[in-house]
Asks: 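I'd like to ask some things about the structure below.
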Amino acid sequence: MRVTKVIKQQMLALLEETYQDTTTALTYTTPFELLIAVILSAQCTDVRVNIITGRMFPKYNTPEKILELGQSGLEEQIRDCGLYHSKAKNIIATCTMLCEQYQGQVPDSIEELVKLPGVGRKTANVVVSQLFHIPAIAVDTHVFRVANRLQLAKGKTPLEVEKGLMKAIPRDKWSDAHHWLIWHGRKVCKARKPECTACCLGELCPSALLPDQQHQGIPD
DNA sequence: CTCCCGATAT
DNA sequence: ATATCAGGAG
C-alpha cells in the first residue's frame, strides 16, 4: 500500500508523542567530548561508548591531553569499542588539526567538520545539531533502517534518506525527529527482531509484521 | 566495494 | 555461529 503524505504526517505525530523526551544517549560535558564520543560510536553501542568515555574523559578530555596519550596509549583507552586502530589514528589526526587550525575549538559548520579525519556527514550532522542548534538529520544505521521501513524516506544511501526526510519533516523538527527515529530503532523497530506488536504506529507502518510473522524474516 | 573490530544479543 | 552496534576511509 502506498504511503501518502498524510500517512507520513500521522506517523511523525505519533513518533513525536511517543519519543518527545528523548535526546542523545552519549554522555559529555564539553563540545570536544561530544565530538570524540560520536567518532567512537561508529559500529558500537552508545552504552559501550559511555563506559569508555566515562573512564577516559576525567583524565583526557582536551585535544592536548589526547595527544599526550599517543597512538598506543589512546588505543588502550578505546580498544573495547572496536575499530580501535582506525579510530585512534583518526582522533589523533583530528586533535592535531583542532590544535593547529581551530584554536582547540570544535568547528560549527558541516563543511569544516567533515575536514576532520574520522568525521563524516553523519557525525558532522550530530555535532552541528546537538552543539550549535542547527537543524540537521543525522542518518545513522537506525535512522536509515527505520526511515526505509516506515517509508518516511526511501533510499539506498544515507544521503538519499537524509534528503527524503528533510522533505517529509518540517525544518524546525529535524533535530528532534532524528532522536525519535533513533530511539524507535533501538527499542522497537530493531534490526533483527522488530517488535511490531508493541509499535506505536500499528497499522500505519507499511512494513508491519503480523504477530505470527514476528519470529521470522526481516522486511528489508 | 572492502576493510576495520570488540562486545553483545540471538 | 552469526548479525548487529549513533560510520568513515581507501
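Convention: sequence-line order gives letters A, B, ...; per-chain numbering from 1.
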Asks: The criterion is salt bridge (Lys or Arg N to Asp or Glu O under 4.0 Å); which residues satisfy it with A/K154, sequence neighbours excluded?
Replies: none
Asks: Distance-only, no hydrogens or angles: does the A/N125 side chain make a donor-acceptor pair with backbone N or O of A/A136 under 3.5 Å?
Replies: no
Asks: Whole Å only: how far is the CD1 atom of A/I91 from the P atom of C/dG8?
Replies: 13 Å
Asks: Please list all pairs meeting ring-ring contact (aromatic ring centres under 6.0 Å, His included) that have one or both residues in residues 79-132 of chain A, counting only residues at least two apart or in different chains.
Replies: none
Asks: Atom CD1 of A/I92 to atom P of C/dA9: distance rounded to whole Å?
Replies: 16 Å
Asks: When you group the ILVMFWY residues by side-chain heavy-atom contacts below 4.5 Å and let the links chain together, are A/I52 and A/I92 in the same group?
Replies: yes
Asks: Starting from C1' on C/dG7, measure out to CG on A/D46 and report it in whole angstrom.
Replies: 15 Å
Asks: Does the side chain of A/T141 get closer than 4.0 angstrom to OP1 or OP2 of C/dC5 through an N or O atom?
Replies: yes
Asks: Is A/E112 paired with A/K115 through a side-chain N to carboxylate O contact shorter than 4.0 Å?
Replies: yes
Asks: Let me know which of A/R79, A/Q77, A/Q71 forms a side-chain hydrogen bond (donor to acceptor under 3.5 Å, both in side chains) with A/E75.
Replies: A/Q71
Asks: Which comes earlier along DNA chain C counting from the 5' end, the contact point of A/N90 or that of A/Q130, where each point is its nearest nucleotide?
Replies: A/Q130
Asks: Send over the distance from A/H179 NE2 to C/dA6 C1', rounded to a whole Å.
Replies: 9 Å
Asks: Within this structure, what is the CG-to-C1' distance between A/L40 and C/dC5, rounded to whole angstrom?
Replies: 13 Å
Asks: If the P atom of B/dT10 is compared with that of C/dA6, how far apart are they to the nearest Å?
Replies: 13 Å
Asks: Please list residues of residues 24-38 of chain A whose heavy atoms come under 4.0 Å from any atom in DNA chain C, ordered by number; otherwise none.
Replies: A/T24, A/A25, A/L26
Asks: Taking the nucleotide of DNA chain C with the closest heavy atom to each, which residue, A/T23 or A/V114, is nearer the 5' end?
Replies: A/T23
Asks: How long is the line joining CG of A/L159 and P of C/dG8, in whole Å?
Replies: 12 Å
Asks: Rounded to whole angstrom, note down the P distance from B/dA7 over to C/dG8.
Replies: 23 Å
Asks: Could you name each residue pair satisfying ring-ring contact (aromatic ring centres under 6.0 Å, His included) that touches residues 7-37 of chain A, not counting sequence neighbours?
Replies: A/Y19-A/H184
Asks: Rounded to whole Å, how long is the line connecting atom CZ of A/F144 with atom P of C/dG8?
Replies: 14 Å
Asks: Between A/V6 and A/Q10, does a side chain to side chain contact (heavy atoms under 4.5 Å, CB included) hold up when you go through it step by step?
Replies: CA-CA 6 Å; A/V6 175; A/Q10 291 175 339; 4.0 Å; yes
Asks: Mark up nucleotides 4-10 of chain B, 5' to 3', with B wherever a protein heavy atom is under 4.0 angstrom from a base atom, S wherever such an atom reaches only the sugar-phosphate, and - elsewhere.
Replies: BBBSSBB
Asks: How many Å lie between CD1 on A/I78 and P on C/dG7, as a whole number?
Replies: 15 Å
Asks: Scan residues 153-179 of chain A for pairs that pass ring-ring contact (aromatic ring centres under 6.0 Å, His included), counting only residues two or more places apart or in two chains.
Replies: none
